[in-house]
Amino acid sequence: MKKILVFACIFIFLRMNGSALSFPQSVFSSSNLETERFQKISFSSSDKNEDEDTANDLFATFIALCVISVGVAYYWLNTVRFFDYPYDEEASAADGKYVVRGTFGESIFYTDPGYHRTRFSLDTSAVYLHGFGFGNETRFEGLLFPYVGPYFENLSLYNAKNGDFDFSQKGFRNNVRLGGLVSLLQTNILSANFIVQYTAWQGEHFDDFRRGATVGLLLRSYPIKPLVLEWKFGYQFFPHDFQIFESDLHVGIMINRYEIFASWKALDFSNEDTKTHFQTFYGASLGARVYFGL
């Protein structure tokens, strides 16, 4: 059953974009998002219908993943418990670093207050993407039941070269993503989660990226105290085949329930229909995360 779940999620992910796991190879373009290639394009009145179709596909995909997960999780993932935070001092070597596994019977009758059926984390970071802007990224992540949960993100960047320090001007860009994640695998050495979100961009020259859907994978590992390794990657899809590939390589250090981390980020803008590559933006982030359970 575990293999069926993993293959089903990977199949849905690949069907939504045939090249979803390959990083775009195009080099930096000499232009940026403010060039004429990113000026507003006029489309027919079918725009609204395409936006509605995108939202419906996003909702249907997430519901399908949840339904598939329930049956498997009842016997597999529902045996998972969590300590308060990775490398919790209360966690013995036998129990693990964060994720605790047990039998189905133990999951029903075991009520030790040191364990949680849920886990959550909240982080915020300073972000710089060369040529795109400097700002903040905030994320809230959780697992309920404990195999599905919320995953919310907000990225706000400002490029001083493209406007005065007035957040209503063209230098400001914001990307909000609201959705959830479904756990495919949970162990201390490797956890994998499938991400589905609604995504929307705000800012001048972003008319073609107003509303869309995000699909991706979040891989995380707690290999040795106090290290945390993470890789989040995926695609944002928009009407008329506009898309954004994103990648975030993350390394963190745990200090009790708090994590200090740095990451290397990339955003790649393109149009699959016209085979047009606009630009790839690279940069870094530095921030802190807090873990907690209920």
Side-chain angles (χ1 to χ4, degrees), residues 2 5-6 9 62 65-66 69-70 72-104 106-125 137-154 177-197 216-232 248 250-261 263 287-294:
K2 292 184 287 187
L5 172 62
V6 174
C9 292
F62 185 66
L65 286 170
C66 290
S69 299
V70 167
V72 176
Y74 187 74
Y75 294 103
W76 179 45
L77 293 178
N78 203 40
T79 66
V80 175
R81 295 293 176 270
F82 307 99
F83 280 98
D84 283 338
Y85 52 88
Y87 308 109
D88 189 335
E89 294 178 358
E90 299 297 324
S92 67
D95 288 326
K97 306 176 180 67
Y98 184 35
V99 180
V100 185
R101 305 193 66 86
T103 67
F104 180 67
E106 289 174 342
S107 71
I108 294 179
F109 300 110
Y110 193 68
T111 58
D112 190 317
Y115 295 133
H116 300 283
R117 290 177 177 266
T118 63
R119 72 162 177 82
F120 300 94
S121 66
L122 176 67
D123 68 75
T124 187
S125 59
E137 183 174 37
T138 300
R139 296 179 296 186
F140 173 72
E141 174 192 340
L143 279 180
L144 307 170
F145 313 118
Y147 51 89
V148 62
Y151 195 75
F152 304 148
E153 301 173 274
N154 190 80
R177 281 173 282 178
L178 305 175
L181 52 81
V182 176
S183 182
L184 307 178
L185 173 68
Q186 292 190 69
T187 67
N188 288 300
I189 196 63
L190 178 63
S191 294
N193 301 282
F194 187 86
I195 300 172
V196 183
Q197 297 168 305
L217 286 176
L218 173 62
L219 307 178
R220 185 175 291 138
S221 176
Y222 307 104
I224 184 172
K225 187 177 182 178
L227 193 60
V228 179
L229 302 177
E230 181 179 307
W231 184 26
K232 182 172 71 72
D248 192 327
H250 166 123
V251 178
I253 300 295
M254 292 299 304
I255 305 175
N256 294 324
R257 68 171 62 251
Y258 301 98
E259 177 189 348
I260 306 300
F261 65 85
S263 72
R289 171 185 290 167
V290 59
Y291 291 79
F292 57 97
L294 300 177

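From a predicted model like this one, the values you see are computed outputs, not experimental measurements.
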Can you list everything that forms a ring pair (Phe, Tyr, Trp, His ring centres under 6.0 Å) with [X]? Sequence neighbours excluded, please.
{"X": "Y222", "answer": "Y98"}
{"X": "Y151", "answer": "none"}
{"X": "F292", "answer": "F120"}

Tell me, please, which residues at least two apart from [X] pass side-chain hydrogen bond (donor to acceptor under 3.5 Å, both in side chains).
{"X": "S263", "answer": "D248, S285"}
{"X": "N256", "answer": "none"}
{"X": "T138", "answer": "T124, N136"}
{"X": "E141", "answer": "R119, R220"}

Could you note down all residue pairs passing salt bridge (charged side-chain N to carboxylate O under 4.0 Å, His left out) where residues 180-191 supplies at least one of them, sequence neighbours left out? none

Can you pull the salt bridge (charged side-chain N to carboxylate O under 4.0 Å, His left out) pairs that have at least one residue in residues 144-153, sequence neighbours excluded? E153-R177, E153-K232

Flag side-chain contact, heavy atom, 4.5 Å: [X] against [Y]:
{"X": "L143", "Y": "V80", "result": "no"}
{"X": "H116", "Y": "R81", "result": "no"}
{"X": "K97", "Y": "P86", "result": "no"}

The side-chain contact (heavy atoms from CB on, under 4.5 Å) partners of P223 (sequence neighbours excluded) come to Y87, I189, S221, L227, L229

Got a sec, which residues hit side-chain contact (heavy atoms from CB on, under 4.5 Å) with Y258, two or more places apart in sequence or on another chain? V290

Which residues pass the salt bridge (Lys or Arg N to Asp or Glu O under 4.0 Å) test with E259, sequence neighbours left out? R289

